[in-house]
Amino acid sequence: MNNLIDGKTGKWEIIIGLEIHAQILSNSKLFSNSSTKFGLKPNTQVSLVDAAMPGMLPVINEFCIKQAVKTGLGLKAKINKYSVFDRKNYFYADLPQGYQISQYKNPIVGSGEIQIDLPEGKSKSIGITRLHLEQDAGKSLHDQHPEKTYVDLNRSGIALMEIVSEPDLRSSDEVALYIQKIRSIMRYLGTCDGNMQEGSLRADINVSVRKPNEHLGTRCEIKNLNSIKFIKQAIEFESRRQIKIIEEGGQIEQNTMLFDSNTGTTRPMRNKEEAHDYRYFPDPDLQPIIINEEFIKNLSESMPELPDQKKQRYINEYSLSTYDASLITSDFDTAVFFEKVLKVSSHSMKNPKLVCNWIISELYGYLKKNDINIHKSPITPDNLSKMIGLIIEGKISGKIAKNIFEEMFYSKKDPTDIIKEKKLEQISDEGSLKNIINQVLEKNTEKVLQYKSGKDRLLGFFVGEVMKLTDGKANPSIVNKLLKEKINK
Amino acid sequence: MKIDKNTTLKIARLARIKINNNEIADYSKQLSNIIDWVQQLNEVNTDQIEPLKKIVEIPATFKGDEPELKDYSQDILENAPEKIENYFVVPKVVE
């Protein structure tokens, strides 16, 4: 992929690194017993620890440590047996402690890498610098009142994983693929639900530009983006902004930027303080996390099949194309659905490519149009498998199957019932087809003569007429065969 | 290390402490003395020594993942200078 973009003075390369903040899936918070449920009444999931009442002490939730280590294993990263929680000091209304408990010098997970799937079946390796654990902050609502901010601390203290990438990404498309891959891995592992709308997955993007093969430029960080569409827009705008400044003889100032989704532009955040210093130091309330080989081994033995492994297996076992395999494995629920359809009947097991096509082309389309998640699909794996069986047995044509599919989607009915009700079964009986063919030929004697005198294309016309008379139910290959026999006699 | 006038003024501003012009010289001298005193630590060679994170290094103990479904919001919001519909209300903090 050539990622260079044109400026007035020639080609430019965009260099991008990401910090992804992923909320850990757990029942209770990282250091307290409050619930992590989303969308409850404000401030009802705030314990005295979360509210930073004097004398309250944090205790580490072991499950969150396991989730972080599992994610680290999924990113093929080094797991650190010794890691430390530090305090990152800053003052903000959504942070009751006045500091965030985070990890600085000794993160729980060190360097790793993932593969992103580029177009044309290529892939690229993206380095992971580290993964560390930290507390999420509360949520501020700025749009409820002209002069006030409303604060809800329900989110405050939920465990976050910050996943830092190397500056290996070169375009907004690569960034989108990278985020989708990380999201996919975490969803397979069940360590983060990846729901960007609810804010369980957010990203800070570091962008700089340079002429190819020159030194790295000064970077700007765009904060807190929560949709892939906005991330792409922000990168496009920010890289153009930087190129323009440099080409006009200016210099890039290292800055923290905000993205405005209404205008699609970035602007520098106002600096409230002149000197920014988080004054990190080890949190005296928490002892270091020390884990042993057995702890890691138990987790690595419990690892499920990950997207890349599944993709490879689908290519090997089911002869899917690389493209189809990566599409169907990119979302965990879709892969589960696909495997369920295969398991229901030997027809679908023998035709995985057909099953895959129906899911990717038809089911995706209907689900998207109706905004339904695949695990709530009105067409069950059972019914889809039955319908595919009917196609393979020649009972319905592919075209009729599309109508039945639509009916199944909206009525949730069994395909065999739909066929009976609507009398959609394909006509493969040669006797009745011959009758219909005779009718068609008698009605169109002139065209039959034209056909016989060499107008081969008219065969399609005759097939079409038979289809009309049978409401599309005639088995097209048998009609073709019978027509040729009859006319060429 | 010498702390000059401008540095003293900057530190005062960051710390939100108001100082008078006639105090600047004195504070600059005091700050310089403090830095010089602390800099004695640099005489010790610590190249091969890991920073001390804990006085006693015992591994952390863990808790389980069962949520406690207790609503403390009424108690906690008692501390709020202003509240509306269970939210803390603060002066606007965004541009």
Side-chain angles (χ1 to χ4, degrees), chain A residues 26-29 31-37 41-48 50-51 53 59-65 82 84-86 92-94 96 105-106 138 140-142 144-153 258 267 269-270 273-275 277 281-282 284 286-291, chain B residues 3-19 31 35 38 41 46 48-95:
Chain A
S26 65
N27 295 318
S28 68
K29 295 183 180 178
F31 299 117
S32 80
N33 290 330
S34 305
S35 159
T36 56
K37 266 213 183 80
K41 190 177 169 194
N43 292 309
T44 55
Q45 295 148 266
V46 186
S47 75
L48 300 179
D50 307 319
M53 287 294 138
V59 184
I60 301 168
N61 182 340
E62 183 176 25
F63 183 69
C64 294
I65 304 293
Y82 178 91
V84 175
F85 279 114
D86 297 278
Y92 205 74
D94 61 16
K105 288 246 169 73
N106 300 83
S140 308
L141 305 178
H142 302 295
Q144 305 290 306
H145 189 286
E147 292 122 40
K148 306 282 186 182
T149 292
Y150 291 10
V151 182
D152 171 12
L153 297 178
L258 279 177
R267 63 188 152 87
M269 258 166 105
R270 196 171 52 191
E273 282 205 22
E274 270 180 64
D277 183 354
F281 63 91
L286 290 158
Q287 292 294 330
I289 308 164
I290 297 171
I291 52 178
Chain B
I3 300 285
D4 62 19
K5 268 183 165 184
N6 286 336
T7 309
T8 304
L9 282 171
K10 188 176 177 189
I11 293 167
R13 191 162 59 246
L14 287 171
R16 307 286 190 268
I17 292 172
K18 188 179 171 189
I19 53 173
L31 286 169
I35 299 269
V38 174
L41 289 172
T46 56
Q48 302 298 319
I49 299 170
E50 276 287 303
L52 178 72
K53 293 185 189 76
K54 301 283 153 175
I55 304 293
V56 190
E57 286 241 328
I58 44 169
T61 45
F62 297 136
K63 72 175 186 75
D65 190 37
E66 301 77 33
E68 176 202 36
L69 301 167
K70 190 169 171 198
D71 175 6
Y72 293 95
S73 61
Q74 293 321 306
D75 290 344
I76 286 162
L77 285 161
E78 283 292 303
N79 291 310
E82 200 183 334
K83 55 190 166 184
I84 289 175
E85 290 170 19
N86 247 45
Y87 285 103
F88 290 92
V89 178
V90 298
K92 197 151 209 137
V93 283
V94 81
E95 322 169 28

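Reminder, nothing fancy here: chain letters follow the sequence lines and each chain counts from 1.
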Visitor: For the CZ atom of B:F88 and the OG atom of A:S140, what is their distance to the nearest 0.5 Å?
Guide: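 It comes to 12.0 Å.
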Visitor: What is the distance from atom OG1 of A:T44 to atom CD of B:Q74, rounded to the nearest 0.5 Å?
Guide: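 Taking OG1 in A:T44 and CD in B:Q74, the distance rounds to 10.0 Å.
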Visitor: Could you go step by step and tell me if A:T149 and B:V89 meet the side-chain contact (heavy atoms from CB on, under 4.5 Å) rule?
Guide: CA-CA 6 Å; A:T149 292; B:V89 178; over 6 Å; no
Visitor: What part of B:D75 gets within 4.5 angstrom of chain A, counting heavy atoms only: side chain, backbone, both, or neither?
Guide: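 Interface part for B:D75: neither.
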Visitor: For chain B, which candidate among A:I289, A:I65, A:N106, A:D86 shows the most heavy-atom pairs at distances under 4.5 Å?
Guide: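 The candidate making the most pairs under 4.5 Å is A:N106.
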Visitor: I'd like to know if B:E82 pairs up with A:K148 as an ion pair, taking the criterion as any Lys NZ or Arg NE/NH1/NH2 lying under 4.0 Å from an Asp or Glu carboxylate oxygen.
Guide: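 Answer for the salt bridge query: yes.
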Visitor: Go through B:K63 and A:S28 one step at a time and tell me if the side-chain contact (heavy atoms from CB on, under 4.5 Å) criterion holds.
Guide: CA-CA 10 Å; B:K63 72 175 186 75; A:S28 68; 3.0 Å; yes
Visitor: At what distance, to the nearest 0.5 angstrom, does CG of A:L286 lie from OG1 of B:T61?
Guide: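 Answer rounded to 0.5 Å: 9.5 Å.
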Visitor: Go through the atoms of A:F31 and report whether side chain, backbone, both or neither lie under 4.5 Å from a heavy atom of chain B.
Guide: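 A:F31 touches chain B through backbone heavy atoms alone.
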Visitor: Does either side chain, that of B:D65 or that of A:N61, offer a donor lying less than 3.5 Å from an acceptor on the other one?
Guide: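 A pair is found: one side chain offers a donor N or O, the other an acceptor, under 3.5 Å apart.
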Visitor: Find the distance between OH (B:Y72) and CG (A:D50) and round it off to the nearest 0.5 Å.
Guide: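 It comes to 10.0 Å.
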Visitor: Among A:Y82, A:F281, A:F85, which residue forms the greatest number of heavy-atom pairs with chain B at distances under 4.5 Å?
Guide: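 Max contact count across the listed options: A:Y82.
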Visitor: Any idea which heavy atoms bring B:S73 and A:N43 closest together, and the distance?
Guide: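 Taking B:S73 first and A:N43 second, the nearest heavy atoms are CB-O, 2.9 Å.
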Visitor: Less than 4.5 Å to any heavy atom of chain A: does that hold for the side chain of B:I58, its backbone, both, or neither?
Guide: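 For B:I58, the contact with chain A is made by backbone and side chain together.
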Visitor: Does any backbone or side-chain atom of A:K37 lie under 4.5 Å from a heavy atom of chain B? Answer side chain, backbone, both or neither.
Guide: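 Contact with chain B is absent: no heavy atom of A:K37 under 4.5 Å.
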Visitor: Against chain B, label A:P96 side chain, backbone, both or neither, depending on which of its atoms sit under 4.5 Å from a heavy atom there.
Guide: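 For A:P96, there is no contact with chain B at all, as no heavy atom is under 4.5 Å.
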Visitor: Given a strict heavy-atom distance threshold of 4.5 Å, which part of B:I55 is in contact with chain A: side chain, backbone, both, or neither?
Guide: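 Neither part; nothing is under 4.5 Å.
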Visitor: Can you tell me how far the CD atom of A:Q45 sits from the NZ atom of B:K70, to the nearest 0.5 Å?
Guide: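 It is 15.5 Å, given to the nearest 0.5 Å.
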Visitor: Is there a donor-acceptor contact under 3.5 Å from the side chain of A:K41 to the main chain of B:N86?
Guide: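 Looks like no, no N/O pair under 3.5 Å.
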Visitor: Do you know which of A:N33, A:T36, A:N27 makes side chain to side chain contact (heavy atoms under 4.5 Å, CB included) with B:P67?
Guide: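 Among A:N33, A:T36, A:N27, the one meeting side chain to side chain contact (heavy atoms under 4.5 Å, CB included) with B:P67 is A:N27.
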Visitor: Should A:V151 and B:Y87 count as side-chain neighbours, where that means a heavy-atom distance under 4.5 Å?
Guide: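 No; the side chains remain at least 4.5 Å from each other.
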Visitor: Between A:V59 and chain B, which part of the residue has a heavy atom less than 4.5 Å away: side chain, backbone, both or neither?
Guide: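 A:V59 touches chain B through backbone and side-chain heavy atoms alike.
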Visitor: Quick check on the interface: out of A:S26, A:P42, A:P282, who has the most heavy-atom pairs with chain B under 4.5 Å?
Guide: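 Answer, by heavy-atom pair count under 4.5 Å with chain B: A:P42.
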Visitor: Among A:A51, A:S47, A:A93, A:P288, which residue forms the greatest number of heavy-atom pairs with chain B at distances under 4.5 Å?
Guide: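 The answer is A:P288.
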Visitor: Hey, could you give me the NZ/OH distance between B:K83 and A:Y150, rounded to the nearest 0.5 Å?
Guide: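 OH of A:Y150 is found 14.0 Å from NZ of B:K83.
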Visitor: Testing the basics here: between B:A60 and A:Q287, what is the closest heavy-atom pair and its distance to 0.1 Å?
Guide: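 Heavy-atom minimum between the residues: CB-O, 3.4 Å.
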